[in-house]
Amino acid sequence: MSACEWLLAAITCVILYPAALLILSGPRLFTRPFWADETLSWLIASDADFSHAMAALAGGVDTNAPILHWIYRCAGNAFGHSPLTYRVVSAVAMSLGVLGVYDSLRRFALKLPSVAGTLAMVALPIVLSHTTEVRFYGYFLTAAVWTCYFVDRRFDRPTVANAMAVGASSIALCGTHYFGSLVVGCIAMFALCRARSSGICRAIDSVWPTALGAATTLCLLPLLVTQRQALAGAGGTWVPITSWRI
């Protein structure tokens, strides 16, 4: 993909996509009040005392990994802890994920099929509804997409910069939600399945930077344990216990 095409795709996804949502849905899409779960993100990210915010996160106020709250905290300190700030940041994150989808498709398909595939994903109601959601969904999607992209690209360009990109995206993936480790594992598994055509050493070289994501999950395990303990002491959540009984 040429630099000109990449720039055009970036402008379309990161600027025109949120602008189209704003035109179609109106400003309330970005200024509407927080609903219950979004309020949890806001409470932790806007806490003036960072240590108190992390203690609240460990105490079960929210049950996600902390990178999400750090991003909102930085943006809120710079532009104000308002629904507009948080929702714009979420929209930018989702837009970067859309750009990653297009770039990934262009590695295997021509322009028109890549555009069609990207539009098919953007048209999904769940993607549209989560574009301005002040939760982890958009960040998780974006981190997963770019981890896939950089791992696949590393097959062709095993450079230091690419290894750093794989590591950074896998850290973002696992630091946004605890399930990120499962996604990283799936990505690594499928990459290793290509060993029959590309060689096992080359396949391993493409996925070893994702170990940084696994290390991130290990570092967050104490936080996960305290969150689970807090929820157990509170009698759990409103989500029913899973059962195999029909």
Solution key, residues 90-100 side-chain donor-acceptor pairs under 3.5 Å, sequence neighbours excluded:
residue: S90; atom: OG; partner: Y72; partner atom: OH; Å: 2.6
residue: S90; atom: OG; partner: Y86; partner atom: O; Å: 3.1
residue: S90; atom: OG; partner: E133; partner atom: O; Å: 3.0
residue: S95; atom: OG; partner: C13; partner atom: O; Å: 3.3
residue: S95; atom: OG; partner: A91; partner atom: O; Å: 2.7

Close side-chain approach of [X] and [Y], heavy atoms under 4.5 Å:
X    : Y    : result
P33  : R28  : yes
V61  : L40  : yes
S104 : D152 : no
L220 : P66  : yes
H69  : F50  : no
R228 : T63  : no

Is there a donor-acceptor pair closer than 3.5 Å between any side-chain N or O of [X] and the backbone N or O of [Y]?
X    : Y    : value
S181 : T217 : no
R73  : D47  : yes
T226 : A58  : yes
R157 : R154 : no
T159 : N162 : yes

Which heavy atom in [X] sits nearest to a heavy atom in [Y], and how many Å separate them?
X    : Y    : answer
E38  : T132 : OE2-O, 4.2 Å
S170 : G167 : OG-O, 2.8 Å
A191 : F155 : O-CZ, 3.6 Å
I67  : I171 : CD1-O, 3.7 Å
R87  : L29  : CD-O, 3.4 Å
G80  : T85  : O-OG1, 2.9 Å

All pairs passing side-chain hydrogen bond (donor to acceptor under 3.5 Å, both in side chains) where residues 6-25 contributes a residue, at least two apart: W6-D103, Y17-T131
Can you measure from [atom1] ([X]) to [atom2] ([Y]) and round to the nearest 0.5 angstrom?
X    : Y    : atom1 : atom2 : answer
I44  : H52  : CD1   : NE2   : 10.5 Å
L212 : S169 : CG    : OG    : 9.5 Å
M121 : L128 : CE    : CG    : 9.0 Å
C148 : R153 : SG    : CZ    : 15.0 Å
H130 : L141 : NE2   : CG    : 10.0 Å
L16  : L21  : CG    : CG    : 11.0 Å

Which ILVMFWY residues are connected to [X], directly or by a chain of links, through side-chain heavy atoms under 4.5 Å apart?
X    : value
L8   : none
M189 : F190
M164 : V160

State plainly whether one hydrophobic cluster holds both [X] and [Y], where clusters connect Ile, Leu, Val, Met, Phe, Trp and Tyr through side-chain heavy atoms under 4.5 angstrom apart.
X    : Y    : answer
L192 : W208 : no
F136 : W35  : no
V88  : I23  : no
L57  : L218 : yes
V101 : L124 : yes

task: Dump the intermediate steps for side-chain contact (heavy atoms from CB on, under 4.5 Å) on N64 and F140, then the final yes or no.
output: CA-CA 11 Å; N64 293 319; F140 192 75; over 6 Å; no
Please report, to 0.1 Å, the donor-acceptor pairs under 3.5 Å made by any side chain of residues 173-180, with sequence neighbours excluded.
residue: T176; atom: OG1; partner: A172; partner atom: O; Å: 2.5
residue: H177; atom: ND1; partner: F179; partner atom: N; Å: 3.0
residue: Y178; atom: OH; partner: Q227; partner atom: OE1; Å: 2.9

Residues V134, W42; criterion side-chain contact (heavy atoms from CB on, under 4.5 Å); working and verdict: CA-CA 8 Å; V134 185; W42 172 77; 5.9 Å; no
- prompt: If you draw a 6.0 Å radius around CG in L24, do more than 12 non-hydrogen atoms from other residues or ligands fall strictly inside?
  reply: yes
message: Assess the residue pair L43 and T39 against the criterion (side-chain contact (heavy atoms from CB on, under 4.5 Å)); give the C-alpha distance rounded to whole Å, side-chain angles, the decisive distance to 0.1 Å, and a yes or no.
response: CA-CA 6 Å; L43 284 172; T39 302; 4.1 Å; yes
message: Go through it in stages, so that I can follow the logic: the residues are R135 and D62, the test is side-chain contact (heavy atoms from CB on, under 4.5 Å), and I'd like the CA-CA distance, side-chain angles, deciding distance and then a yes or no.
response: CA-CA 11 Å; R135 294 298 283 167; D62 199 357; 3.0 Å; yes
